[in-house]
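Here's the structure we're looking at; comments come further down.
Chain identifiers are assigned alphabetically (A, B, ...) following the order of the sequence lines, protein sequences preceding nucleic acid strands; residue numbering begins at 1 within each chain.
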Amino acid sequence: MKLTTYTILGLLTFYALVMVTSAVGIMNDYLLRIINLMMINIILGVSLNLINGYTGLFSVGHAGFMIVGGYVAGFMTTLLFGITKDTPYWEALPLFLLAIFAAACVSALVGFLIGLPVLRLTDDYLAIVTIGFGEIIRVVFNFITFKKKIGNWELDIGGPRGLLGIPPLSNFTIIFLFTLFTVLFIRNFVFSRHGRACIAIRENEVAAHMMGIPITKYKVMAFVLGSTFAGIGGALLAHFIQLLHPTMGGFMNSVEYLIIVYLGGMGSISGTIVAAVALTGLSEFLRPIGELRMVLYGILLVILMLKRPGGLMGQREFLFLLPERERKIYATQNR
Amino acid sequence: MLLKIVNLTHFFGGLKAVDDFNIEIGPRQIIGLIGPNGAGKTTVFNLVTGFYKPTMGKIFFQDEDITGLPPHVITSKGIVRTFQNIRLFNNMTVLENVTIARHYRMQYGITAAVGRFPSFHREEHEVEEKALEYLSIFHLDSKVHLPAGSLPYGQQRRLEIARALATEPKLLLLDEPAAGMNNAEALELMHLIKKIAEEFRLSILLIEHQMPVVMGIAERIHVLDFGKTIAVGPPEEIKNNPKVIEAYLGEGALE
């Protein structure tokens, strides 16, 4: 109970600290942007960890689902509702939340449509299909130029130019709350009979099937849940960086989320959070050396994989991230 | 009749792995299934538990046709098996391994799990109690929070049986439970199997290579060779059956 109280206090302090320091100008916009980006990467990393880390599937198309969510939400707020950066925030907020919800639903649907046929097969077909999906999404958004007239403005989702002029609706509070929601949701899912079923499938698919677990159902469930949160992350990202570009859904972006998951540790929410924060911070920190940072990135990864093949955290969790029952167990086994 | 298999035949491409296999298992019977390597014993298990769909033949469980149902449905009907090569969830704790077996009996949905509703806490508490009961029968209660993969071999075998029993089956299929054990361990296991069959009112179909084990507990033995059933009968009869000896020792061995 005590640790839970401390965790809540810690989160509140973090929130208050960021709010206050950015309000009085100690924290500059640049730093705040990095913090926001870290949190969005946490959402995407943790949701991918549910698919790849906990359930043992191999999705390589996470950015694809992200961009689907991004485009759905971006289209709704920018084109459908006609929200601009001058729209009063409290007027725009409910519509923004609606757009996020829609983004989550569409990403879930796309995840379901892709997952259902592919996950009935036992081998690693998912990797191939999700690579293909990411590329298809990129090409599709390159080609769609949906045109719509609002007043004198003719708007379209841009095709290869990208969707521009998305209102900056993702502020620190919104992103913070959604990150909290995502982490809590996935943690509670993982530490339940459903999450156990997913982990059992990862550990031994045949035995899990024999123990009465409908494996296709749980694979699809994990995949759809992960895709849903990717869609939410995409919606937040779109309204944060204020533009969407088809290439953002491509393979290389998916690889970035894969790196977050594998660096942090497959099957560790804590690891994903650490890795998301570290990698986002690192790539900002190394910005002065330009493209060379990708080289450094690669070297760093190779070293880490050699030294800690299970990722930074392996399958361990920070105590404060665990539900109470598991926390007690961890305390007794000190692994 | 608990399990009834009629004319079960299975091909792997052109290879007839199981050829016209028939068996009837009543309640609370222990039946042995023996034969040389590659005789098709494990294939029979895979067919009964739904991992393979038979080319021909029918499988009835409690007078219900279960041919071709997927494994998790067959488990929920009351048939469960262990594996020749141990298949535990190595990175999960001993306790979690057993709670997985109770999964299909649990009710709470995703919303209850994510929202930590009272039904979640109640069922999780119940399942833990139940799992601990099974673990204590197999003397694993001091190891509950250790990763299953860290247990020594013999305990892993016991855990696999405990996990299978936790699904509350009516028919337990054991695939070489004494594999890799010495005689003393095998005999101990035999007593344990006998005990659980009585305690849980189970029927058991047992594949075993260690003859003392299977001869000691099976009331009837089916002998397979190249997919064909070459002998059926009580242990005493099987022991002296020339066909069986020939299958094991090779043609002409008796001359």
If you tally heavy-atom pairs under 4.5 Å against chain A, which of [options] wins?
options	result
B:R81, B:R116, B:E128	B:R116
B:G109, B:S76, B:A112, B:A166	B:G109
B:F51, B:Y104, B:F83, B:Y108	B:Y108
B:T75, B:V144, B:T167	B:T75

### Query
Between A:R325 and chain B, which part of the residue has a heavy atom less than 4.5 Å away: side chain, backbone, both or neither?
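The answer is the side chain of A:R325.
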Sort [X] into side chain, backbone, both or neither according to what part of it lies under 4.5 angstrom from a heavy atom of chain A.
X	answer
B:E160	neither
B:L95	neither
B:R105	neither

### Query
A:F229 and A:F65: aromatic ring centres closer than 6.0 Å?
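Ring centroids of A:F229 and A:F65 are no less than 6.0 Å from each other.
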### Message
Please confirm whether the ring centroid of B:Y134 lies under 6.0 Å from the ring centroid of B:F200.
### Response
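Yes.
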### Message
For A:L236 versus A:I43, what's the shortest heavy-atom pair and its separation?
### Response
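Shortest heavy-atom separation between A:L236 and A:I43 comes out as CD1-CD1, 3.6 Å.
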#### Entry: Among A:I186, A:V206, A:L184, residue most engaged with chain B (heavy-atom pairs, under 4.5 Å)
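Option with the greatest count: A:V206.
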### Task
Report yes or no: do A:Y218 and A:H194 form a side-chain donor-acceptor pair below 3.5 Å?
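Per modelled atom types, A:Y218 and A:H194 side chains form a pair under 3.5 Å.
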### Message
Pairing donors with acceptors under 3.5 angstrom, does anything connect the side chains of B:T99 and A:R193?
### Response
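Absent: no donor and acceptor within the cut-off.
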### Query
Which word best sums up how the rings of A:F178 and A:F181 line up, parallel for under 30°, tilted for 30 to 60°, or perpendicular for over 60°?
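Ring orientation of A:F178 relative to A:F181: perpendicular.
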### Query
Can you tell me how far the CG atom of B:N97 sits from the CG atom of B:L151, to the nearest 0.5 Å?
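Rounded to the nearest 0.5 Å, the CG-CG separation comes to 8.5 Å.
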